[in-house]
Amino acid sequence: MSNAEDKIKLEAGWKAALRDEFDKPYMRELSEFLRREKAAGKEIYPPGPLIFNALNSTPLDKVKVVIIGQDPYHGPGQAHGLCFSVQPGVPVPPSLQNIFKELKRDLNIDPPNHGYLQHWAEQGVLLLNTSLTVERGNAGSHAGKGWQAFTDRVIQVVSEHQEHLVFMLWGSHAQSKRRLIDGTKHLILCSAHPSPLSAHRGFIGNGHFSRANKFLEQHGQTPIDWRLPEIASAA
């Protein structure tokens with residue numbers, strides 16, 4: 001086990017599957033880039049212990065659904081390592097509001113009083129951003145620094161390792177990852193992104209949540225309970 005890998009707290013299944021990635025030059029360069037940014041006084045999101053939260057919250061053997069995002073949120077207190085999700089008490093961002101609108105339309109699930117998607121992750125929904133860090137207030141600032149090579153490998157690993165997964169690819173960035181997925185054994189669902197700029201051009205009405213559960217049930221798996229428990233302390 002490399003020193004870099006040994007320092008990272010990662011769920012055992014993912015750690016074994018991704019072991020070789022941590023010794024590759026791009027990961028050493030990425031680690032050095034993040035050290036330099038922090039040394040320069042830049043604020044990086046999410047906090048260090050939550051960078052790999054998507055993998056730690058959804059063990060490799062438990063993945064059923066994969067939702068691919070792009071960047072962590074770059075506002076204070078928002079990002080916690082799950083795509084589209086925010087910490088409890090943080091206002092629900094516009095894209096997530098549209099995700100909740102589609103859940104209401106598709107499965108008649110009322111929007112919760114928060115945007116904390118940890119309950120989905122714990123049921124087997126891998127909520128993966130393709131960049132795992134971002135500088136405060138600077139969207140896309142860590143794209144091209146190495147994260148995409150790492151998360152491409154994550155997508156390949158889960159496609160190879162698991163059977164009968166559902167991949168939800170919302171928008172052109174997520175759909176560019178289709179080449180990494182074995183479409184002969186997995187269900188790949190594509191639509192517009194839930195952003196307010198595009199949600200009404202095909203995201204609202206896509207039926208992805210009900211289609212995912214139908215596919216899981218057809219292959220003998222427990223469907224996802226897309227309802228989120230209310231959080232008493234949420235604003």
For [X] and [Y], work out which heavy atoms get closest and say how close.
| X | Y | answer |
| --- | --- | --- |
| Lys185 | Phe215 | O-CZ, 4.1 Å |
| Pro194 | Ala199 | O-CB, 3.5 Å |
| Gly77 | Val90 | O-CG2, 3.3 Å |
| Ser198 | Ala192 | O-CB, 3.5 Å |
| Pro229 | His114 | O-NE2, 2.6 Å |
| Tyr73 | Gln78 | CB-OE1, 3.4 Å |

Hey, is the main chain of [Y] close enough, under 3.5 Å, to the side chain of [X] for a donor-acceptor pair?
| X | Y | value |
| --- | --- | --- |
| Gln123 | Asp225 | yes |
| Thr58 | Ala121 | yes |
| Lys64 | Thr222 | yes |
| Asp152 | Leu180 | no |
| Asn206 | Phe203 | yes |
| Asn53 | His80 | yes |
| Glu230 | Asn113 | yes |
| Gln97 | Val92 | yes |
| His208 | Asp106 | no |
| Glu102 | Gly207 | yes |

ask   = Would one find more than 12 heavy atoms of other residues, nucleotides or ligands at under 6.0 Å from atom NZ of Lys104?
value =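 For Lys104, atom NZ is crowded (more than 12 foreign heavy atoms under 6.0 Å).
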ask   = In chain order, what residues pass the side chain to side chain contact (heavy atoms under 4.5 Å, CB included) check against Glu122, with sequence neighbours excluded?
value =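 In terms of side chain to side chain contact (heavy atoms under 4.5 Å, CB included), with neighbours along the sequence ignored, Glu122 is linked to Gln118.
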Within a strict 4.5 Å, meaning less than it, do heavy atoms of the [X] and [Y] side chains meet?
| X | Y | answer |
| --- | --- | --- |
| Glu11 | Pro59 | yes |
| Ile68 | Cys83 | no |
| Leu169 | Ile181 | yes |
| Asp61 | His161 | yes |
| Gln218 | Lys214 | yes |
| Ser159 | Gln156 | no |
| Gln175 | His193 | no |
| Asn129 | Asp71 | no |

request  = May I have all residue pairs that pass side chain to side chain donor-acceptor pair (under 3.5 Å) and include part of residues 131-141, sequence neighbours excluded?
outcome  =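 Pairs touching residues 131-141 that pass the test: Glu43-Arg136, Thr133-His142, Thr133-Trp147, Glu135-Asn138.
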Same hydrophobic cluster for [X] and [Y], using side-chain heavy-atom links shorter than 4.5 Å among ILVMFWY?
| X | Y | answer |
| --- | --- | --- |
| Leu132 | Val134 | no |
| Leu50 | Ile67 | no |
| Tyr45 | Val86 | no |
| Leu18 | Ile51 | yes |
| Leu197 | Phe100 | no |

To the nearest 0.5 Å, what is the distance between [atom1] ([X]) and [atom2] ([Y])?
| X | Y | atom1 | atom2 | result |
| --- | --- | --- | --- | --- |
| Thr130 | His173 | OG1 | NE2 | 2.5 Å |
| Glu21 | Lys15 | CD | NZ | 14.5 Å |
| Trp14 | Arg19 | CH2 | CZ | 14.5 Å |
| Cys190 | Phe167 | SG | CZ | 11.5 Å |
| Leu55 | Leu60 | CG | CG | 9.0 Å |
| Asp110 | Leu228 | CG | CG | 12.0 Å |

message = Classify the ring geometry of Phe209 against Trp120: parallel below 30°, tilted from 30° to 60°, perpendicular beyond 60°.
response =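 Tilted.
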message = Tell me which one of Leu165, Val166, Val66 satisfies side-chain contact (heavy atoms from CB on, under 4.5 Å) with His186.
response =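 Between His186 and the candidates, side-chain contact (heavy atoms from CB on, under 4.5 Å) is satisfied uniquely by Leu165.
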message = Taking the ring of Phe84 and the ring of Trp170, is the distance between their centroids below 6.0 Å?
response =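 Aromatic pair counts; centres sit under 6.0 Å.
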